[in-house]
Colleague: 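Quick one: the structure is below, questions incoming.
In the text below, chain A, chain B and the rest are named by the order of the sequence lines, each starting its count at 1.
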Amino acid sequence: MSNEDTLKEAKQRYKATVHLPQTDFPMKAGLQEREPALQKKWAEEDLYGKIRAARKGAKPWVLHDGPPYANGDAHTGTGMNKSLKDMVVKFRTMQGFDSPYVPGWDCHGLPIEHKVLQEMGGKLPEGTTALQMRERCLEYATKYIDIQRKQFQATGTLGRWDEPYLTTNPSYEANVLAVFRDLFAKGYITRAQRSVHWSWAAQSALAEAELEYEDRQDTSIYLRMMAQGQVAGVDNVALLIWTTTPWTMPANLAIAAAKDAEYAIVEYTRDGKPERMVVAEELREAVADKSGLTDVKVLKHLRGAELEGVNYTHPLWGTTCPVVFADYVTLEDGTGLVHTAPGHGKEDFETGKNHNWFNVDRPVCPVSENGTYYTGERLREELNLPKDYKDDSGWLAFIDGKHIMKANDAIVERLREQGLLLHSEKFTHSYPHCWRTHTPVIFRATEQWFVNVDHVEPGQTKPLRQRILDEIKLCKWYPSWGEKRISAMLENRPDWCISRQRYWGIPIPAFMDEGSGKVCMSQATVDRVISLVAEHGSNVWYDDANWPVDKLLPDDVRPDEFKGRKLKKMDDIFDVWFESGSSFQAVMRTDADLKDKALSENGRTTHSGMYLEGDDQHRGWFQVSLILSVATTGVAPFRDCLTCAFVVDEKGEKGSKSKGNMWPIDQGCRDLGADLVRLYFASIDTSSPVPVTYDLIRGAGDSYRKLRNTWRTLVANLFDFDPDKDAVAADKLSQLDQWALSRTAGLVEDVTACFERYEFHHAMRALVQFCTVELSSQYIDVCKDELYCEAATAPRRRAIQTVYWQVAQVIAKFMAPVTVHTAEEMWQYMPKPETESVHLALWPTVGGLLTRKPELDKRFKLMFRLKAESDRVLDRLRKEKVIGKGYDANVTLGLGNDLMKELANYGTPEQLQAELPGLLNVSKVALDASSDHAALQEFEPATDVQGLWVKVEASAEQACVRCFRRTGDVGSVKEHEFLCTRCAKVVG
RNA sequence: GCGCCGGUAGCUCAGUUGGUUAGAGCACACGCCUGAUAAGCGUGAGGUCGGCGGUUCGAGUCCGCCCCGGCGCACCA
């Protein structure tokens with residue numbers, strides 16, 4: 001055999017004695033195949049049930065799920081919401097809390113009713129009963145619950161999916177009514193005539209949360225309202241008003257002016273004829289410019305107060321109307337004289353009410369629920385015109401039955417023909433729209449049920465609004481500005497209109513005496529309805545055949561004045577927000593799995609630990625939940641309120657189903673892997689708009705692969721490690737091992753703190769950073785030689801394996817709430833895992849081996865800085881082809897006095913010279929503190945360490961064929977001529 | 001109009017109570033290793049920290065004004 005052959009053969013032979021990593025844990029994730037399989041396994045083995053059993057009796061910490069609407073696909077944004085919730089629940093579970101997750105759905109409401117009506121051809125067909133229609137709605141909702149459930153489950157979210165809460169469950173409905181009953185008992189409920197937001201397309205009143213502001217172009221008009229008699233001694237004067245809603249002119253009852261403002265009476269020429277009008281002095285020029293008036297003369301200035309007693313002739317009806325004063329008249333836009341139509345404006349309504357222009361039953365509101373003017377007699381009646389009114393002008397016939405949006409332009413033209421229109425122009429402004437039909441909303445005076453937010457209930461000193469604001473302060477808001485936002489909203493919000501004129505919902509349990517028109521409601525009557533609904537569901541209200549009024553409300557539960565009277569059921573249903581806002585009662589306080597799981601802390605008890613939704617819920621679910629919970633139980637429904645922002649597409653546009661720029665969440669999970677999608681959501685700051693595209697999510701693959709591969713290396717080196725037998729005690733660990741554990745302990749502190757604050761992206765950053773720097777580039781790289789080349793059972797090797805084992809557990813656990821499938825897959829490769837599933841394991845805590853050692857952190861920070869300087873010079877020599885791998889080199893560190901002293905803290909020169917080759921991944925390191933390094937060419941000054949010079953030279957020594965190091969002692973053991981002493985001993 | 005949140009490398013983001021020469025990952029360039037291998041390691045280039053002014057021995061960080069982006073609230077008669 002030639003020497004070369006001998007060497008080759010020796011390499012082969014010795015290689016077999018090296019403990020190379022071994023693992024079946026695949027490098028490639030294959031999420032698309034593995035995730036569904038794992039989910040199936042979890043379902044079959046009932047992992048959720050096992051978690052519940054394992055945490056039974058533990059301290060509760062419940063995230064209460066806000067119910068998504070049972071309509072359409074669960075898109076990416078909804079999926080992000082569910083994923084974040086699952087992260088919180090899994091984290092709290094791992095912290096040892098009993099943290100059940102009961103998902104729910106919002107099933108009633110206009111959108112479904114709308115869809116079903118469309119399927120029926122636009123309106124309820126003749127002969128179809130409300131009951132039949134409601135059955136269809138329920139079918140529709142049920143269908144989408146099944147669809148969405150599968151979509152949500154694709155994210156790997158665990159929970160009580162087989163028994164979610166539904167707002168259509170009779171028990172849920174009964175609880176909503178119970179909340180109403182309590183409010184009623186405490187005096188919060190009023191029924192009153194008010195001007196409310198009204199969607200003529202949806203034919204229903206709308207809540208603040210159901211409005212979306214969109215830009216809209218309207219025609220704004222400047223209209224001359226002819227004053228009767230003199231104004232401040234001037235004849236023939238018009239009062240100039242401005243409006244963007246000409247369709248409200250028929251309902252005009254007055255003009256409002258500002259008492260303290262200065263007005264001008266001006267004269268100008270139009271169409272060759274002189275005209276006079278009153279306009280606010282401040283707006284005079286602007287109005288004249290816009291209207292193209294040239295020769296404007298001011299005849300007189302006057303205070304607003306001087307307009308007192310002035311009347312004008314209604315431009316349509318010829319009736320006499322007054323000028324009044326109102327404090328909301330401003331001089332920013334318009335003319336300083338405000339068209340006032342109490343039937344179509346909130347403030348106008350108040351003005352009308354203050355002046356007793358209408359009795360409670362009948363403000364002037366000629367517009368019907370579908371947005372058309374009333375017709376015939378009804379129109380006359382609603383307009384409150386004199387009985388003998390002759391429609392000489394033809395206005396009555398003109399608007400009769402017309403749709404307001406169509407009438408707008410026609411009315412403008414007609415006013416122009418009458419010569420009353422000074423000017424008209426297009427005007428773009430943001431205007432409230434119905435969130436479902438996307439049609440402009442109007443104000444319409446109707447009779448509705450309200451929750452009075454400023455009511456002081458018996459036994460309380462503060463109004464509800466203030467008590468809610470107090471509770472808000474006691475909650476924790478993430479991000480913190482959420483508190484300001486919701487406080488501001490609560491401070492400003494009007495009373496809550498809770499009635500809707502629809503079918504698909506829970507009926508407001510009110511009866512009316514057909515004879516007297518009086519409303520019949522008492523605690524007893526509501527309780528009666530509650531018990532029926534609990535048993536039969538809310539359909540009893542619509543089931544006239546089986547539940548006629550007298551059976552629904554027998555005499556014995558009626559208040560005395562209604563006994564024996566002919567009653568009818570009233571038609572209103574609850575605003576869906578009232579339903580979902582009652583979930584703290586219908587779910588948290590009554591569900592069998594949740595009712596004893598309120599969160600108690602520092603003497604304060606809230607019905608749940610957390611609500612987590614999109615930040616649009618500040619004006620939606622959070623707010624209504626707060627109102628109902630504080631009003632009925634005195635406390636907020638949650639301790640923590642976490643919000644996330646909307647998802648947006650690559651152009652930054654809000655993702656929405658209707659736009660089609662977002663895909664269903666399960667599709668993304670299937671195509672990319674649920675863990676990747678979840679990791680992406682956990683890697684980004686979800687408090688500002690979250691951009692979501694396939695490419696962006698694929699970008700999270702970098703982090704994913706880093707985590708997976710680093711972990712794979714750890715576990716691959718544990719193939720012969722049995723923690724029970726091989727784990728070593730703390731005193732057997734090297735300083736480097738302890739440093740690694742110290743850094744891990746630091747990571748535990750950081751990541752835990754981040755999870756506690758729900759800052760998943762900071763936690764993930766810390767984790768990935770740790771894997772990249774401390775593990776991959778530092779600890780793992782440095783440990784390879786000892787791990788591979790020492791004897792299998794050598795204390796050094798077992799020490800490193802002990803560290804790997806510890807660190808591998810920590811990483812798998814930290815990944816568990818986020819990459820739920822991958823962490824579970826990892827867990828199956830852990831030697832002797834502490835639990836059957838990673839999701840049953842306990843969150844890592846600091847202590848024992850995982851102890852922070854700041855002095856070691858400091859020591860190795862310096863060591864790795866030395867390594868960085870050495871690497872820089874090594875790299876140069878590599879590029880110059882002087883050396884290849886690090887073991888080809890010997891390094892001499894030239895040390896200044898200060899650095900030498902600093903190093904002395906960490907060991908004698910001999911100790912350091914023994915330790916550093918390993919750390920620097922070179923064959924030999926010498927410390928030289930005596931030369932004048934600056935003067936020596938072969939020394940290169942360090943760039944980032946004061947008083948350090950580096951010299952690198954190729955080693956002349958022979959490399960050990962087993963460990964590749966050039967230690968200078970190869971062949972010292974006769975039987976192993978190609979090995980260094982260490983390897984020879986190991987091989988034996 | 002009022003308010004909130006952002007603006008740091010080509011991209012995604014860190015940057016603690018003001019404190020050496022502003023960091024990381026990806027991407028890019030150049031190398032090494034072939035015993036983490038559809039991996040791993042190293043080096044490099046890349047920044048007027050949105051702009052201007054102020055406080056300070058010292059400002060990405062604190063203050064004021066402005067610009068840009070996002071959002072919320074109000075007004076919209």
Colleague: Under the rule for ring pair (Phe, Tyr, Trp, His ring centres under 6.0 Å), what residues qualify as partners of A:H618, not counting sequence neighbours?
Modeller: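 With sequence neighbours excluded, A:H618 shows a ring pair (Phe, Tyr, Trp, His ring centres under 6.0 Å) to A:F622, given in chain and number order.
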Colleague: I want to check one thing: is the phosphate of B:C26, taken as OP1 and OP2, less than 4.0 Å away from some side-chain N or O of A:R705?
Modeller: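 For B:C26, OP1/OP2 do not have a side-chain N/O of A:R705 under 4.0 Å.
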Colleague: So, is A:H618 close to the B:C71 phosphate, meaning a side-chain N or O under 4.0 Å from OP1 or OP2?
Modeller: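 No, A:H618 has no side-chain N/O under 4.0 Å of OP1/OP2 on B:C71.
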Colleague: Tabulated below should be each protein N or O lying under 3.5 Å from an N or O of nucleotides 28-31 of chain B; please produce it.
Modeller:
unit_1, atom_1, unit_2, atom_2, d
B:C30, O2, A:K879, NZ, 3.0

Colleague: Taking only side-chain N and O atoms of A:H19, does any of them lie within less than 4.0 angstrom of OP1 or OP2 on B:G35?
Modeller: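 Answer no for this pair, as no side-chain N or O of A:H19 is under 4.0 Å from OP1 or OP2.
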Colleague: Listed by chain and number, what are the ring pair (Phe, Tyr, Trp, His ring centres under 6.0 Å) partners of A:H761, not counting sequence neighbours?
Modeller: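 With neighbours one apart ignored, the set is empty.
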Colleague: What pairs meet the salt bridge (Lys or Arg N to Asp or Glu O under 4.0 Å) rule with one or both residues in residues 678-689 of chain A, with sequence neighbours excluded?
Modeller: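 As it turns out, the salt bridge (Lys or Arg N to Asp or Glu O under 4.0 Å) pairs with a partner in residues 678-689 of chain A, which skip direct neighbours, are A:D86-A:R678.
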Colleague: Mind checking side-chain hydrogen bond (donor to acceptor under 3.5 Å, both in side chains) for A:K706 and listing every partner two or more places apart, or none if nothing turns up?
Modeller: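 If we apply the side-chain hydrogen bond (donor to acceptor under 3.5 Å, both in side chains) test to A:K706, skipping adjacent residues, the hits are A:S776.
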Colleague: How are the rings of A:F755 and A:F760 set relative to one another: parallel (under 30°), tilted (30 to 60°) or perpendicular (over 60°)?
Modeller: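 The rings of A:F755 and A:F760 stand perpendicular, inter-plane angle above 60°.
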Colleague: Would you measure the distance from the P atom in B:G60 across to the matching atom in B:G53 and give it in whole Å?
Modeller: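 Here B:G60 and B:G53 have their P atoms 14 Å from each other.
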Colleague: Which range-with-range stems can be found for RNA chain B when each stem has 3 or more Watson-Crick or G-U pairs in a row and both distances sit under 3.5 Å?
Modeller: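 Stems for RNA chain B, defined as runs of 3 or more consecutive pairs: B:1-7 with B:67-73, B:10-13 with B:23-26, B:28-32 with B:40-44, B:50-54 with B:62-66.
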Colleague: Whether A:R852 and A:E749 form a salt bridge (side-chain N of Lys/Arg under 4.0 Å from carboxylate O of Asp/Glu) is what I want to check.
Modeller: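 So A:E749 pairs with A:R852 through a salt bridge.
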Colleague: Are the side chain of A:R465 and the backbone of A:L490 linked by a donor-acceptor contact shorter than 3.5 Å?
Modeller: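 At least one qualifying donor-acceptor pair exists.
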Colleague: Report yes if a side-chain nitrogen or oxygen of A:Y788 is closer than 4.0 Å to either non-bridging phosphate oxygen (OP1 or OP2) of B:A36; otherwise report no.
Modeller: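 For B:A36, OP1/OP2 do have a side-chain N/O of A:Y788 under 4.0 Å.
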Colleague: Take atom CZ of A:R797 and atom C1' of B:G35, then tell me their distance rounded to the nearest Å.
Modeller: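 In whole Å, B:G35 C1' and A:R797 CZ are 13 Å from each other.
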Colleague: A:D857: what forms a side-chain hydrogen bond (donor to acceptor under 3.5 Å, both in side chains) with it, not counting sequence neighbours?
Modeller: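 Expected list: A:S742.
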Colleague: Would you measure the distance from the P atom in B:A22 across to the matching atom in B:A27 and give it in whole Å?
Modeller: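 Rounded to whole Å, the distance is 25 Å.
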Colleague: By the 4.0 Å heavy-atom rule, please label A:G884 as base, sugar-phosphate, or nothing.
Modeller: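 Contact class for A:G884: sugar-phosphate only.
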Colleague: Within this structure, what is the CG-to-P distance between A:L20 and B:C33, rounded to whole angstrom?
Modeller: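 Rounding to the nearest Å, CG of A:L20 and P of B:C33 are 18 Å apart.
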Colleague: For the side chain of A:S777, starting at C-beta, report the closest nucleotide among B:G42, B:A14, B:A38.
Modeller: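 Looking only at side-chain atoms, A:S777 lies closest to B:G42.
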Colleague: Scan residues 706-717 of chain A against RNA chain B and write down, sorted by residue number, each residue with any heavy atom closer than 4.0 Å; if none is found, say none.
Modeller: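 Residues of residues 706-717 of chain A that come under 4.0 Å of RNA chain B are, in numerical order, A:K706, A:N709, A:T710, A:R712, A:T713.
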Colleague: Please list, chain by chain and in numerical order, all residues satisfying ring pair (Phe, Tyr, Trp, His ring centres under 6.0 Å) with A:Y829, sequence neighbours excluded.
Modeller: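 For A:Y829, the residues satisfying ring pair (Phe, Tyr, Trp, His ring centres under 6.0 Å) (neighbours in sequence not counted) are A:F25.
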Colleague: So with a 6.0 Å cut-off around CD of A:E282, is the heavy-atom count from everything else above 12?
Modeller: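 Result for CD/A:E282: open.
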Colleague: Could you pull out all residues at least two apart from A:R982 that satisfy side-chain hydrogen bond (donor to acceptor under 3.5 Å, both in side chains)?
Modeller: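 Residues passing side-chain hydrogen bond (donor to acceptor under 3.5 Å, both in side chains) with A:R982: A:D785, A:E790.
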Colleague: Report the residues that fulfil side-chain hydrogen bond (donor to acceptor under 3.5 Å, both in side chains) with A:T245, sequence neighbours left out, ordered by chain and then residue number.
Modeller: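 Counting only residues at least two positions away or on another chain, A:T245 forms a side-chain hydrogen bond (donor to acceptor under 3.5 Å, both in side chains) with A:T243, A:T248.
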Colleague: How are the rings of A:Y222 and A:H423 set to each other: parallel, tilted or perpendicular (split at 30° and 60°)?
Modeller: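 Tilted: the ring planes of A:Y222 and A:H423 meet at 30° to 60°.
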Colleague: Go through B:C73, B:C41, B:U21 for me and flag the one nearest to the A:D781 side chain.
Modeller: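 Out of B:C73, B:C41, B:U21, the nucleotide with an atom closest to A:D781's side chain is B:C41.
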Colleague: Using the P atom as the point on both nucleotides, what is the distance between B:G7 and B:C62, in whole Å?
Modeller: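 Approximately 11 Å lies between the P atom of B:C62 and that of B:G7.
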Colleague: Heavy atoms under 4.0 Å, any strand shown: does A:F964 hit a base, just sugar-phosphate, or nothing?
Modeller: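 Base, at least one base atom sits under 4.0 Å.
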Colleague: Quick one, give me the B/S/- string for nucleotides 2-11 of chain B, reading 5' to 3', where B means a protein heavy atom under 4.0 Å from the base and S means that only happens at the primed atoms, P, OP1 or OP2.
Modeller: --SS------
Colleague: Between B:A36 and A:S776, is there an OP1 or OP2 to side-chain N/O distance shorter than 4.0 Å?
Modeller: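 For A:S776, the contact criterion (side-chain N or O under 4.0 Å from OP1 or OP2 of B:A36) is not met.
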Colleague: Measuring from the side chain of A:M27 (C-beta onward, heavy atoms only), which nucleotide among B:A39, B:G44, B:G72 has the closest atom?
Modeller: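 Nearest listed nucleotide: B:A39.
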Colleague: Give a yes or no answer on whether the side chain of A:S923 reaches the backbone of A:Y887 with a donor-acceptor pair at less than 3.5 Å.
Modeller: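 Pair found, side chain donor or acceptor close to backbone of A:Y887.
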